[in-house]
Number of protein chains: 2
Amino acid sequence: MSDSAEPLSSLRRALGLLRRVGAADAGGIRLKDLAEQAGCSQPTAHRALQDFAAEGFVEQTGKRYRLALDFFVLAARAGHADGLRDLAKPVLLRLSATLTDTIFLLVRNGYDAVCLDRIEGPFPIRSFTGDIGGKVPLGLGQGSLAILAHLPEAEREAVIRFNVPRLLDRGFLDEAALRVALQAARAQGWVNLNTGLIPGMAGLGVPVFDAQGRAVAALSVGTLADRLRPERLPGVVAILRAEAATLGAMLNPFDTALRHPSRSLSSLS
Amino acid sequence: MSDSAEPLSSLRRALGLLRRVGAADAGGIRLKDLAEQAGCSQPTAHRALQDFAAEGFVEQTGKRYRLALDFFVLAARAGHADGLRDLAKPVLLRLSATLTDTIFLLVRNGYDAVCLDRIEGPFPIRSFTGDIGGKVPLGLGQGSLAILAHLPEAEREAVIRFNVPRLLDRGFLDEAALRVALQAARAQGWVNLNTGLIPGMAGLGVPVFDAQGRAVAALSVGTLADRLRPERLPGVVAILRAEAATLGAMLNPFDTALRHPSRSLSSLS
DNA sequence: CCATATAATTCCGTTATATGAAATTTATTG
DNA sequence: CAATAAATTTCATATAACGGAATTATATGG
């Protein structure tokens with residue numbers, strides 16, 4: 001779709017290859033296919049992959065390439081902008097211990113929410129967010145919705161415009177239903193939308209505000225529907241909100257601007 | 001130390017910059033310092049960083065650069081070689097539910113063990129391995145030691161030779177003590193070395209063998225010293241070993257060669 | 001608050017090096 | 001064991017990466 005004949009630097013072309021390697025499924029990708037997808041010659045792709053491999057970013061088994069462990073290790077240090085993950089760790093541990101459910105820490109990243117950390121509860125949970133490093137469109141899932149609901153109006157509208165088709169693709173709310181849900185979320189300050197999209201599962205999300213009052217993150221709980229019945233729900237809400245307030249109070253005053261909201265999706269579509 | 005006047009490709013030079021950005025502490029690194037460290041001109045570093053930023057790998061706040069969230073997201077898919085993380089998830093969840101302690105999944109990566117996944121128990125744990133994506137020299141920590149103990153002799157010796165200084169640096173065992181511990185680990189098939197390096201903490205590690213009988217991973221438990229007293233220990237050992245066997249049986253027959261054991265440390269020293 | 005130093009960015013001519021066509025080797029498949 | 005397809009190497013060419021020098025922005029201190 002979006003071609004735009006601006007010539008990219010060789011570095012960016014190479015990083016594009018790396019992205020595609022990452023996008024390939026666990027089995028890896030063959031040189032031929034990679035070169036074809038990326039629209040470069042095989043020798044070019046080959047040389048880049050050799051370099052990536054020499055740096056430990058990519059590994060090759062047989063004739064398939066995939067992202068290597070060193071890459072994983074390096075990236076574990078990423079996204080530490082304000083040290084949110086470290087700050088939040090004790091909060092998550094407390095929540096996990098108190099509620100004995102699965103706890104998520106989500107942060108906003110452009111049009112998406114990213115799972116920065118997650119502490120597993122005793123019940124096997126299915127969630128949209130997936131595991132640590134997983135990404136969902138803002139608006140899908142309780143925590144993600146909590147963030148979206150509390151963004152400044154202009155930004156929120158921009159995200160909605162961008163995400164509605166993505167949500168529809170995933171069989172989720174249409175725009176009208178989304179707006180109702182957002183309205184409700186804003187009114188009560190937390191999200192308990194039970195869409196029944198994942199049978200037997202339920203969740204609860206609350207926004208985390210930074211010092212400027214921006215919804216930069218969310219805490220959420222994912223559990224069995226049974227465990228969020230009316231008699232338990234209010235207590236869980238109260239605990240979550242209290243911890244969200246604690247976490248928000250610890251956030252550093254500076255920075256936290258929105259950064260590359262644009263390219264977020266452009267590269268892999 | 002390691003100069004070796006082989007000229008690297010521009011891509012590898014750029015990736016070296018990225019590594020250094022990752023190695024900088026959470027506050028990020030300035031262009032000037034980065035260029036100086038890497039031994040390139042400021043304009044060169046600048047252009048590379050602009051490209052990384054445009055691809056969402058690096059973010060810039062003020063005049064400091066650090067790894068961005070997109071990088072984290074991309075890397076979450078790395079190290080899935082044989083899908084170990086997914087295969088192990090139910091194993092970890094079972095162990096966590098049964099033992100109510102913190103459970104680690106470690107894999108070997110060159111001279112190191114990397115924490116591929118971790119499920120938190122109710123007690124706050126200090127461990128060498130650190131969080132997901134954390135890296136320790138093989139031989140430091142119970143799981144890490146379990147892997148080392150069960151490597152083929154030649155490989156084991158190579159790792160020992162390389163790691164002894166690293167272990168000493170961290171105030172750990174000298175070579176003699178390490179060899180005793182390895183001998184014991186091999187004899188009993190699990191590791192319960194309580195070095196007292198982390199006061200009040202204790203751990204237990206067992207190796208996970210792939211279809212070729214190679215020790216490619218380890219499961220381990222980190223908990224309070226109190227919780228591994230003689231009366232509970234044997235049960236925990238039995239459970240861990242059983243799950244390690246289960247996990248090993250699920251591992252794919254193919255691949256799993258050792259890959260870049262050399263460069264693992266060379267780049268950031 | 002302005003002067004000065006230091007870092008970040010932009011410009012530009014030069015040269016290194018990334019590139020794809022073609023050739024060669026290696027693996028896969030009938 | 002052919003025959004085919006993919007991976008890798010070679011090489012001449014054109015591109016774009018490079019650092020010095022100039023410019024702008026940002027700290028620093030008087």
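A quick note: this is a predicted structure, and the numbers were derived from the prediction, not measured. First the proteins, then the strands, lettered A, B, ... as listed; each starts at 1.
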Could you check which of [options] has an atom nearest any side-chain atom of [X]?
{"X": "B/Lys32", "options": "C/dT19, C/dT17, C/dA8", "answer": "C/dA8"}
{"X": "A/Thr44", "options": "C/dA21, D/dG20, C/dT19", "answer": "C/dT19"}
{"X": "A/Gln50", "options": "C/dT9, D/dT8, D/dC18", "answer": "D/dT8"}

Next on the checklist: Looking at B/Glu155 and B/Arg214, is any side-chain nitrogen of the basic one under 4.0 Å from a carboxylate oxygen of the acidic one?
Outcome noted: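 Salt bridge: yes.
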
Examine [N]: is either OP1 or OP2 under 4.0 Å from a nitrogen or oxygen in the side chain of [X]? Give yes or no.
{"X": "B/His46", "N": "C/dA8", "result": "no"}
{"X": "A/Arg13", "N": "D/dA16", "result": "yes"}
{"X": "A/Ser10", "N": "C/dT17", "result": "no"}

Rounded distance (Å) that lies between atom [atom2] of [N] and atom [atom1] of [X]:
{"X": "B/Arg30", "N": "C/dT9", "atom1": "CZ", "atom2": "P", "answer": "12 Å"}
{"X": "B/Arg47", "N": "D/dT15", "atom1": "CZ", "atom2": "P", "answer": "18 Å"}
{"X": "B/Leu34", "N": "C/dA7", "atom1": "CG", "atom2": "P", "answer": "14 Å"}
{"X": "A/Arg12", "N": "C/dA18", "atom1": "CZ", "atom2": "P", "answer": "18 Å"}
{"X": "B/Gln42", "N": "C/dT9", "atom1": "CD", "atom2": "C1'", "answer": "9 Å"}
{"X": "A/Gln60", "N": "D/dA6", "atom1": "CD", "atom2": "P", "answer": "16 Å"}
{"X": "A/Leu31", "N": "C/dA27", "atom1": "CG", "atom2": "C1'", "answer": "14 Å"}
{"X": "A/Glu36", "N": "D/dA6", "atom1": "CD", "atom2": "C1'", "answer": "12 Å"}

Next on the checklist: If we count only N and O atoms by modelled type, under 3.5 Å, do the side chains of B/Arg66 and B/Thr61 hold a donor and an acceptor together?
Outcome noted: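 A donor-acceptor contact under 3.5 Å links the two side chains.
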
Checklist entry - For residues B/Arg118 and B/Thr129, is any side-chain donor paired with an opposing acceptor at under 3.5 Å? => result no

Item to check | Whether B/Phe52 and B/Phe57 hold their rings parallel, tilted or perpendicular, with breakpoints at 30° and 60° | outcome: tilted

Next on the checklist: For A/Asp33 and A/Ser9, find the nucleotide of DNA chain D closest to each by heavy atoms; which residue's nucleotide sits nearer the 5' end?
Outcome noted: A/Asp33

Next on the checklist: Nearest heavy atom decides the nucleotide; on that basis, is A/Asp51 or A/Lys63 closer to the 5' end of DNA chain C?
Outcome noted: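 Closest to the 5' end, via its nearest nucleotide, is A/Asp51.
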
Checklist entry - Can any side-chain N or O of A/Arg108 pair as donor or acceptor with the backbone N or O of A/Val216 at less than 3.5 Å? => result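 Not at all, since once roles are kept as given, no pair shorter than 3.5 Å links the two residues.
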
